[in-house]
A.B. asks: 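Can you read through this structure? Questions will come right after.
Predicted model only: the values in this text are computed from it and were never measured. Note: hydrogens, waters and symmetry copies are ignored here, and every other heavy atom, side chains too, is used. Throughout, protein chains are lettered first and strands after them, A, B, ... in sequence-line order, and every chain is numbered starting at 1.
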There are 2 protein chains.
Amino acid sequence: MEAVMNLSRKEQVIRMAAELFREKGYAASSMRDLAQKLGIEAASLYSHIKSKEEILRSLCFDMAAEFRKSLEDVEKQNVSASEKLRLGIIGHISVMAKDLTASAVFMNEHRHLSGPFLRDFLLLRINYINRFKAIIEEGTKNGEFKENIDTKLSVMTLFSSLNWMPQWYNPDGKIDSVNIGQQLSDMLVNGLKKQKA
Amino acid sequence: MEAVMNLSRKEQVIRMAAELFREKGYAASSMRDLAQKLGIEAASLYSHIKSKEEILRSLCFDMAAEFRKSLEDVEKQNVSASEKLRLGIIGHISVMAKDLTASAVFMNEHRHLSGPFLRDFLLLRINYINRFKAIIEEGTKNGEFKENIDTKLSVMTLFSSLNWMPQWYNPDGKIDSVNIGQQLSDMLVNGLKKQKA
DNA sequence: GTTTTTAACTAACATCTGTTAGCCGTATTA
DNA sequence: TAATACGGCTAACAGATGTTAGTTAAAAAC
């Protein structure tokens with residue numbers, strides 16, 4: 001149970017760091033800034049974390065794991081491509097909505113990961129994207145979507161929309177995350193779907 | 001005429017800075033890094049620019065001006081809302097394609113502008129977005145688009161897609177910028193357009 | 001051919017950076 | 001009650017940061 005308390009305080013540090021990184025960016029955030037937000041001295045942070053980058057790593061890879069998990073659940077389902085896409089979008093947005101701050105860091109600050117960690121992160125990311133791409137391709141092959149679609153453009157458009165949400169979405173507003181996922185997928189899918197002219 | 005040469009060298013500095021800021025981010029880019037890219041000493045940079053932030057300012061505000069100009073040309077035209085949207089999208093992408101590096105900086109690094117400059121920038125930006133929003137609203141009012149659209153979501157989706165382009169678009173690839181704008185607007189507009197069921 | 005401009009240099013500044021070492025009070029555990 | 005771990009502290013480091021001052025060689029303008 002010491003471990004629990006330890007984690008609890010450590011996660012408090014990480015959460016504050018996430019807020020800071022989101023506001024000012026990773027590189028512009030100093031350990032002294034972070035310490036001040038917590039009301040302690042900079043050196044005291046190192047009782048809880050090993051380095052500044054360790055914080056970024058845990059933020060990025062924890063989010064990546066949640067995104068992955070969410071998509072895996074969707075892939076198991078035996079439904080049409082457009083339905084899979086819809087569920088994938090809603091899942092992604094739900095994961096983001098659970099921690100918008102970490103999501104913003106995940107997507108804006110990951111490039112400050114060093115060397116092999118950055119590499120690993122990018123591999124996870126491209127894998128995730130490719131699995132969405134596969135869903136779209138499945139839809140074009142079985143006739144759900146238009147045949148002359150540029151898959152890369154489509155999937156990048158989808159991802160752009162998803163990834164910028166933390167920048168403008170207000171979780172206290174009138175529109176909740178499932179609703180927003182629903183509308184977004186409607187908007188994109190109906191743009192992709194072959195129309196019965 | 002001295003001014004011309006001066007500008008020419010100054011712009012060389014700014015261009016290199018744009019590349020650096022894009023790769024590493026503004027905060028993580030040092031003046032010594034920049035100097036090294038140019039083969040000179042850090043202090044020598046100050047013969048050409050007043051400060052690090054001045055570089056960022058000129059990058060951000062120059063791009064903002066070009067976006068604005070492009071949209072103004074479109075607004076003058078007397079065409080349908082969906083056509084205006086199409087032209088606006090193509091215009092935006094064309095401006096970006098003319099300088100993808102500066103575009104990436106414009107959109108990822110503007111937050112490091114200080115105080116009043118950041119404020120001015122954000123005002124320009126929201127104005128630009130609102131003018132796109134107005135086009136979409138025009139379309140919903142005159143029956144071109146579905147009535148039950150969430151305008152904010154739509155315009156944010158559009159912007160996300162546009163703004164992330166510099167991250168993945170390869171200008172040497174097979175698909176040119178007008179083509180991409182065409183496809184993107186097709187994808188979005190046909191998602192918005194009322195469908196003759 | 002003298003003056004001016006351009007574009008670079010060296011040296012140095014004050015401050016900020018991430019991080020380590022070693023110490024100490026308080027609360028939990030044995 | 002003694003031992004341990006938690007969470008903080010101060011002091012300090014070695015290096016990086018943006019920027020200024022003053023200088024100088026070469027090129028352009030007069």
A.B. asks: Which listed nucleotide (C:dT19, C:dA7, D:dG7) is nearest to the side chain of A:S51?
C.D. replies: C:dT19

A.B. asks: Less than 6.0 angstrom separating the ring centers of B:Y128 and B:H92, yes or no?
C.D. replies: yes

A.B. asks: On a heavy-atom basis, which atom in B:V95 and which in B:S70 lie closest, and how many Å separate them?
C.D. replies: CG2-CB, 3.8 Å

A.B. asks: Considering only nitrogen or oxygen atoms on both sides, find all protein atoms under 3.5 Å from nucleotides 11-17 of chain C and state each distance.
C.D. replies:
none

A.B. asks: Could I get a table of every N or O pair under 3.5 Å where one atom is in the protein and the other is in nucleotides 22-26 of chain D?
C.D. replies:
none

A.B. asks: Whole Å only: how far is the OH atom of A:Y46 from the C1' atom of D:dG8?
C.D. replies: 15 Å

A.B. asks: Taking atom types as modelled, find out whether B:Y26 and B:H110 have a side-chain donor-acceptor pair closer than 3.5 angstrom.
C.D. replies: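 No, no side-chain donor-acceptor contact under 3.5 Å.
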
A.B. asks: Is any side-chain nitrogen or oxygen of A:S44 closer than 4.0 Å to OP1 or OP2 of D:dC9?
C.D. replies: yes

A.B. asks: Provide, to the nearest angstrom, the distance between the CD atom belonging to B:Q36 and the P atom belonging to D:dT17.
C.D. replies: 11 Å

A.B. asks: Between A:E138 and A:K84, does at least one N-O distance fall below 4.0 Å, as a salt bridge requires?
C.D. replies: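 Salt bridge flag = yes for A:K84 with A:E138.
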
A.B. asks: In terms of hydrophobic clustering (I, L, V, M, F, W, Y; side-chain heavy atoms under 4.5 Å; direct or indirect links), are B:I175 and B:V178 co-clustered?
C.D. replies: no

A.B. asks: Could you tell me how far apart A:K50 (NZ) and C:dT20 (C1') are, to the nearest whole angstrom?
C.D. replies: 15 Å

A.B. asks: Grab the CD-P distance between B:E41 and D:dG18 for me, whole Å please.
C.D. replies: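 It is 14 Å, rounded to the nearest whole Å.
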
A.B. asks: Tell me: CD1 of B:I49 to C1' of D:dT20, nearest whole Å?
C.D. replies: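 In whole Å, D:dT20 C1' lies 13 Å from B:I49 CD1.
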
A.B. asks: Heavy atoms only: give me the nearest B:M63-B:F106 pair and the separation to one decimal.
C.D. replies: CB-CD1, 3.5 Å

A.B. asks: From CD1 of B:I40 over to P of C:dT10, roughly how many Å is that when rounded to an integer?
C.D. replies: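 So the two atoms are 12 Å apart, to the nearest Å.
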
A.B. asks: Using atom NE2 of A:H48 as one end and atom C1' of D:dA5 as the other, report the distance to the nearest whole Å.
C.D. replies: 12 Å

A.B. asks: Report the C-alpha separation of B:R86 and B:Q182 in whole Å, then their side-chain angles, then the decisive distance to 0.1 Å, and conclude whether the side chain to side chain contact (heavy atoms under 4.5 Å, CB included) test is met.
C.D. replies: CA-CA 7 Å; B:R86 194 181 73 90; B:Q182 182 62 56; 2.4 Å; yes

A.B. asks: From CG of A:L45 over to P of C:dG18, roughly how many Å is that when rounded to an integer?
C.D. replies: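 Rounding to the nearest Å, CG of A:L45 and P of C:dG18 are 10 Å apart.
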
A.B. asks: Return the minimal non-hydrogen interatomic distance between A:P166 and A:R22, and the atom names on each side.
C.D. replies: O-NH2, 2.7 Å

A.B. asks: Under 4.5 Å between side-chain heavy atoms, hopping through other hydrophobics if needed: is there a path connecting B:F132 to B:I90?
C.D. replies: no

A.B. asks: When the nearest nucleotide of DNA chain D is assigned to A:L38 and to B:Y26 on a heavy-atom basis, which residue is associated with the more 5' position?
C.D. replies: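 The 5'-side residue here is A:L38.
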
A.B. asks: Kindly calculate the angle separating the two end axes of the helix from C:dG1-D:dC30 to C:dA30-D:dT1, each obtained from five base pairs, and round it to 10 degrees.
C.D. replies: 10°

A.B. asks: Between A:S82 and A:V189, what is the shortest heavy-atom contact and its length?
C.D. replies: CB-CG1, 4.0 Å

A.B. asks: Which pair of non-hydrogen atoms, one from B:I135 and one from B:A81, has the smallest distance, and what is that distance?
C.D. replies: CG2-O, 3.5 Å

